[in-house]
Amino acid sequence: MKKTSFVLLLAAASMLAACGGKKDDTNGNDSTKALSGSVSIDGSSTVYPITEAVAEEFGKENKDVKVAVAESGTGGGFKKFGRGEVDINDASRPIKPTEDSLCKANGINYLELLVAYDGLAVVVNPQNDWCKDITVAELKMLWEPAAQGKVTRWSQVRKGWPDQEIHLFGAGSQSGTFDYFTEAICGKSKASRGDYTASEDDNVLVQGIKGDKYALGFFGLAYFEANKADLKLLPIDDGNAENGAGAIAPSIETVKNKTYAPLGRPLFIYISDKAARRPEVVAFVNYYLDNTNELSKEVGYVPLGDDELKAVKDKFAGFAGAAAPKQ
Amino acid sequence: MNSSSRNRLIDQAFKWFGIACTLFGLVMLGIFLADIIREGIARIDWNFIVDGPSRKPEQAGILPALAGTIWVLVLTGIIAIPLGIAAGIYLEEYGKKNRFGSIIEVNIANLAGVPSIIYGLLGLEIFGRIMGMGGSVLAGSCTLALLVLPIIIVATRESVKAVPKTIREASFGLGASKWQTIRMQVLPAASGGIVTGVILALSRAIGETAPLIVVGALAYIDQVPTSPSDDFTVLPIQIFNWVSRPQKGFLVNAAAGIIVLLAVTFIMNGIALYLRRRWQKKVKW
């Protein structure tokens, strides 16, 4: 009995393996010998779309290099990165001291590379005709832990707004987006009221706000771009005239010139020195930096400026040069 | 109204209630299938099957995920089926029915109810880290094998138990040893139930996502695993990944992925039904 079914399944598996087998075509335009090996990446689900796009394009040109991308979150990724289990970690915030000491304990030196900017979008339902902008102070009053069960009506946020219940939607507590929003708005990472609709899945938030006139929520600007028609974006006033006076709407310019404060953020990749000794990892990171601007824009993030990008490339060239095995 | 016509009325009422209960599940399944097929069937073509993942929904395919699913399924079967059947036979035929035996029995029943994410954490620590398998196909398969083992053990025990005692006694009476009796009489007679258990177990394994994510299955991989030590992803993870994206095209892909996953499950069940019918014809007392 088992024999027959195993033979059947094995046959099916080997057939699939056969049609998936990569042909040995080398790059015509590449004078160096074809790369092989593998690049393993984990980390932020915010950076994931860029890394996935890079991996896809890189894979087309380097068919013998296996690129594997997981998304267990910035923190989850750093845990594996610090143990030396992955080559590159995607991060939507800089590394934390505890994560840094994990790397040190395992003898891992790393390099942080800026690859793009992200903006958080604060949005309401398109039928909401009273709320045209919002200040950071108002957002803080609305989202800080003390607001739980107390600030429940639009009229409490600003005088003149309707006396209606406000329905809040936001990123779940496991996401880097949540860490970032709470830190930027409430002043402390993970400090938030708990009585809102939380989801790690931005699509759930989009659907929730789209169907509720009295909703307000936040998530990555990339998700707003993909759902523009169903949502209304709120300009943010941080009360600091030095980085632009008044309420500022998120856009490529305002995130990049840092006037969309405090809800624009940098995105990074971290590379370990051990990985940087391997030619396929170096090639992958170089490819990443060569294409990040174009691909970031494509997946809805804000690309780096030319001078910024050049600085990042120089930084990596220095790191890879120092890590390279001595001949 | 006399009592006999009242009883008849209750009889009728219960019959219709039963029909409604039966139809409820079927109608829900029908609605789900119709919805998924309406959304996804047009997306399935040869390219969808043989392409790798992509950030562009119309170019994305499921090859690495489908191959990963088949790899995991085969390896899980190779590990779990012999272990589960052997353990089930031991517990029923050889094991003593004492206190120790009943403790084992209760624990196996309990294991079947442990949330799958717990198995994932166990797999990550034991197979992934201590045994050094990392996030490989083998680590994932070992984890899933543990997860489905109780199902196979319980099914094997139940079907071995259902073989009449007289058969064993007749076999012993003709001079057969215990192992000969089990191999030639008990196992063939119990095979139908065992196959059902194996299919239930593998059908569960094919749909699991959480433990594999914990063990380290990937979100993006463009190559098919070629050995048990390769990194992998599986169809449910690919589907989950697509469902959680904002672009509408990926939702269509997810529906198409679900159809493929259902097809794999149905084919598996079909093979099992066929095998069961064939073996049961052979058993004649």
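Throughout, a chain's letter reflects where its sequence line sits, starting with A, and its residues are numbered from 1.
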A.B. asks: Highest number of heavy-atom pairs under 4.5 Å with chain B: which of A:S40, A:A53, A:P49, A:S38?
C.D. replies: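 Between A:S40, A:A53, A:P49, A:S38, the count favours A:A53.
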A.B. asks: To the nearest 0.5 Å, what is the distance between CZ on A:F58 and CG on B:D222?
C.D. replies: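 Atom-to-atom, A:F58:CZ and B:D222:CG are 10.0 Å apart.
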A.B. asks: Of all heavy-atom pairs between B:S54 and A:E52, which one has the smallest distance, and what is that distance?
C.D. replies: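 Result for this residue pair: O-OE2, 4.2 Å.
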A.B. asks: Taking A:E56 first and then B:K56, would you say they form a salt bridge - that is, a charged N and a carboxylate O separated by under 4.0 Å?
C.D. replies: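 Between B:K56 and A:E56 there is no salt bridge, as every charged N stays at least 4.0 Å from the carboxylate O atoms.
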A.B. asks: Quick check for you: to the nearest 0.5 Å, what is the distance between B:L124 atom CG and A:K80 atom NZ?
C.D. replies: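 The CG atom of B:L124 sits 6.5 Å away from the NZ atom of A:K80.
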A.B. asks: Testing the basics here: between B:I221 and A:K66, what is the closest heavy-atom pair and its distance to 0.1 Å?
C.D. replies: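 Taking every non-hydrogen atom into account, CD1-CD, 4.1 Å.
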A.B. asks: Which heavy atom of A:V65 sits nearest to which heavy atom of B:Q223, and what is that distance?
C.D. replies: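 For A:V65 and B:Q223, the tightest heavy-atom pair comes out as O-NE2, 3.4 Å.
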A.B. asks: Do other residues, nucleotides or ligands put more than 12 heavy atoms under 6.0 Å from A:E294 CD?
C.D. replies: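 Counting neighbours around CD of A:E294, 12 or fewer heavy atoms of other residues, nucleotides or ligands fall under 6.0 Å, so no.
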A.B. asks: Identify which part of B:D230 has an atom lying under 4.5 Å from any heavy atom of chain A, answering side chain, backbone, both or neither.
C.D. replies: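 For B:D230, backbone and side chain are both near chain A.
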A.B. asks: Counting only heavy atoms closer than 4.5 Å, note whether B:P64 contacts chain A via side chain, backbone, both or neither.
C.D. replies: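 Nothing of B:P64, per the 4.5 Å heavy-atom cut-off to chain A.
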A.B. asks: Please name the pair of heavy atoms, one in A:N203 and one in B:V243, separated by the smallest distance, quoted to 0.1 Å.
C.D. replies: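 For A:N203 and B:V243, the tightest heavy-atom pair comes out as ND2-O, 4.1 Å.
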A.B. asks: Heavy atoms only: give me the nearest A:V69-B:L218 pair and the separation to one decimal.
C.D. replies: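 So the two residues come closest at O-CB, 3.8 Å.
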A.B. asks: Give me each pair satisfying side chain to side chain donor-acceptor pair (under 3.5 Å) with a member in residues 252-274 of chain B, each pair once, sequence neighbours excluded.
C.D. replies: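 Every side chain to side chain donor-acceptor pair (under 3.5 Å) pair that includes a residue of residues 252-274 of chain B, provided the two are not neighbours, is B:R43-B:N253.
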A.B. asks: Quick one: pull up CD1 in A:I41 and OH in B:Y220 and give me the separation to the nearest 0.5 Å.
C.D. replies: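 If we round to the nearest 0.5 Å, A:I41:CD1 and B:Y220:OH are 9.5 Å apart.
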A.B. asks: Please say whether more than 12 non-hydrogen atoms of neighbouring residues, nucleotides or ligands are located less than 6.0 Å from OH in A:Y287.
C.D. replies: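 More than 12 within 6.0 Å, yes.
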